[in-house]
Amino acid sequence: MSRTTSLTAAQAHARLAELTVIDVRTPGEYASGHLPGAHNIPLDHLDAARPALKSAAGRGDLLLVCASGNRSAQARERLAEHGIAAADLTGGTTAWIQLGHEVQRPAGARAVWAMERQVRFAAGSLVLTGLLLGRRRPRARLLAAGVAGGLVFSALTDTCGMAKVLAKLPHNRPKAADLDATLDALTR
């Protein structure tokens, strides 16, 4: 890959046939719609997939994709630390869809909320629970305060601990056979 570290949705669309696309979202998010031909390797499995990604990068350019571009930029930086060149998709699948480009969905796949939506739901539910319980047990308000503090920390550090926890839920985890098949396809 050239020195380019990011591609816009229009640039990626023009080069799609020559790119190996790696979607770093959770399997549930991936199933809700991904770039044509994309391989799913969730961000938390990136280190285990490094040898397969290095092999794929040796044969052609890699494009890393997520929902908004944040996780794919993190993945690009992590791979670069190990000498694997890749680009990330600016604006992620959101930008891709906004330009009217096609997305694929596995047959029979259940649509799962995007991770950002899961985080908003979980955080809002916890805050509401803390406030409602706090009417009878004032100490329960500490739950709402803790979540609020976590959200502030998340914004300041551009990280999300709640997303890391939610990514461990069964619907957000790849099946071992699916991940193995993806890694096998990338090494061929």
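Values below: every heavy atom of this structure, side chains too, minus hydrogens, waters and symmetry copies. Residues take their numbers from the sequence shown, with the count starting at 1.
Applying the salt bridge (Lys or Arg N to Asp or Glu O under 4.0 Å) rule to pairs touching residues 136-153 yields nothing, sequence neighbours excluded. Residue pairs meeting the ring pair (Phe, Tyr, Trp, His ring centres under 6.0 Å) criterion with at least one member in residues 47-97, sequence neighbours excluded: His13-Trp96, Trp96-His101.
Counting all heavy atoms, side chain and backbone alike, Asn40 lies closest to Pro27 at OD1-CA, 3.4 Å. For the pair Ala86 and Leu64, the tightest heavy-atom approach, listed with the atom from each and the gap, is CB-CD1, 3.8 Å. The shortest non-hydrogen separation linking Ala48 to Pro51 is O-CD, 3.6 Å. What you find for Ser6 and Ala87 is that their closest heavy atoms are N-CB, 4.3 Å. Nearest approach of Asp158 to Gln74, heavy atoms of both residues: O-NE2, 4.3 Å.
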### Message
side-chain contact (heavy atoms from CB on, under 4.5 Å), that's the test. Do Asp180 and Asp184 meet it? Break it down for me.
### Response
CA-CA 6 Å; Asp180 290 344; Asp184 185 51; over 6 Å; no
### Query
What do the steps show when you test Arg59 against Ser55 for side chain to side chain donor-acceptor pair (under 3.5 Å), and what is the final call?
CA-CA 7 Å; Arg59 293 188 307 277; Ser55 176; 2.9 Å; yes
### Task
Starting from the C-alpha separation in whole Å, work towards a yes-or-no answer on salt bridge (charged side-chain N to carboxylate O under 4.0 Å, His left out) for Arg117 and Glu29.
CA-CA 11 Å; Arg117 187 175 181 189; Glu29 291 175 292; over 6 Å; no
### Message
side-chain contact (heavy atoms from CB on, under 4.5 Å) for Leu46 and Leu53? Distances and angles first, verdict last.
### Response
CA-CA 9 Å; Leu46 200 63; Leu53 292 169; 3.5 Å; yes
### Message
What verdict does the side-chain contact (heavy atoms from CB on, under 4.5 Å) test give for His39 and Val21, after you've listed the backbone C-alpha separation in whole Å, the side-chain angles of each residue and the deciding distance to 0.1 Å?
### Response
CA-CA 6 Å; His39 301 277; Val21 181; 6.0 Å; no
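Cluster partners of Leu169, using a side-chain heavy-atom cutoff of under 4.5 Å among ILVMFWY residues and allowing indirect links, are Met115, Val119, Leu126, Val127, Leu131, Leu143, Val147, Leu151, Met162, Leu166.
Val65 places none of its side-chain heavy atoms less than 4.5 Å from the side chain of Asp88. When side chains are defined from C-beta on, Thr93 does not count as touching His34, because their heavy atoms never get closer than 4.5 Å. In this structure, Leu63 and Thr20 have side chains that are not in contact, with every pair of non-hydrogen atoms separated by 4.5 Å or more. Proximity of Leu43 to Arg78: side-chain heavy atoms (C-beta onward) are separated by under 4.5 Å at one or more points. The shortest distance between side-chain heavy atoms of Ile41 and Asp23 does not fall below 4.5 Å. Counting heavy atoms from C-beta outward, Thr26 and Asp44 have side chains that stay 4.5 Å or more apart. The closest side-chain heavy-atom distance from Arg15 to Leu7 is below 4.5 Å. In this structure the side chain of Pro36 reaches within 4.5 angstrom of the side chain of Leu16, judged on heavy atoms.
Atoms CG and CG, from Leu35 and Leu19 in turn, are 9.5 Å apart once rounded to the nearest 0.5 Å. Between the SG atom in Cys66 and the CZ atom in Arg76 there is a gap of 11.0 Å [rounded to 0.5 Å].
Qualifying side-chain contact (heavy atoms from CB on, under 4.5 Å) partners for Thr159, counting only residues two or more places apart in sequence or in other chains: Phe153, Thr157. The side chain to side chain donor-acceptor pair (under 3.5 Å) test applied to Glu81 returns no partner, not counting sequence neighbours. Remark: Thr187 engages no residue in a side chain to side chain donor-acceptor pair (under 3.5 Å) (not counting sequence neighbours).
Put simply, the side chain of Tyr30 gets close to the backbone of Ala38: a donor and an acceptor are under 3.5 Å apart. At distances below 3.5 Å, at least one donor-acceptor pair connects side-chain atoms of Thr94 with backbone N or O atoms of Ala67. Proximity of a side-chain donor or acceptor of Ser125 to a complementary backbone N or O of Phe121 within less than 3.5 Å is detected.
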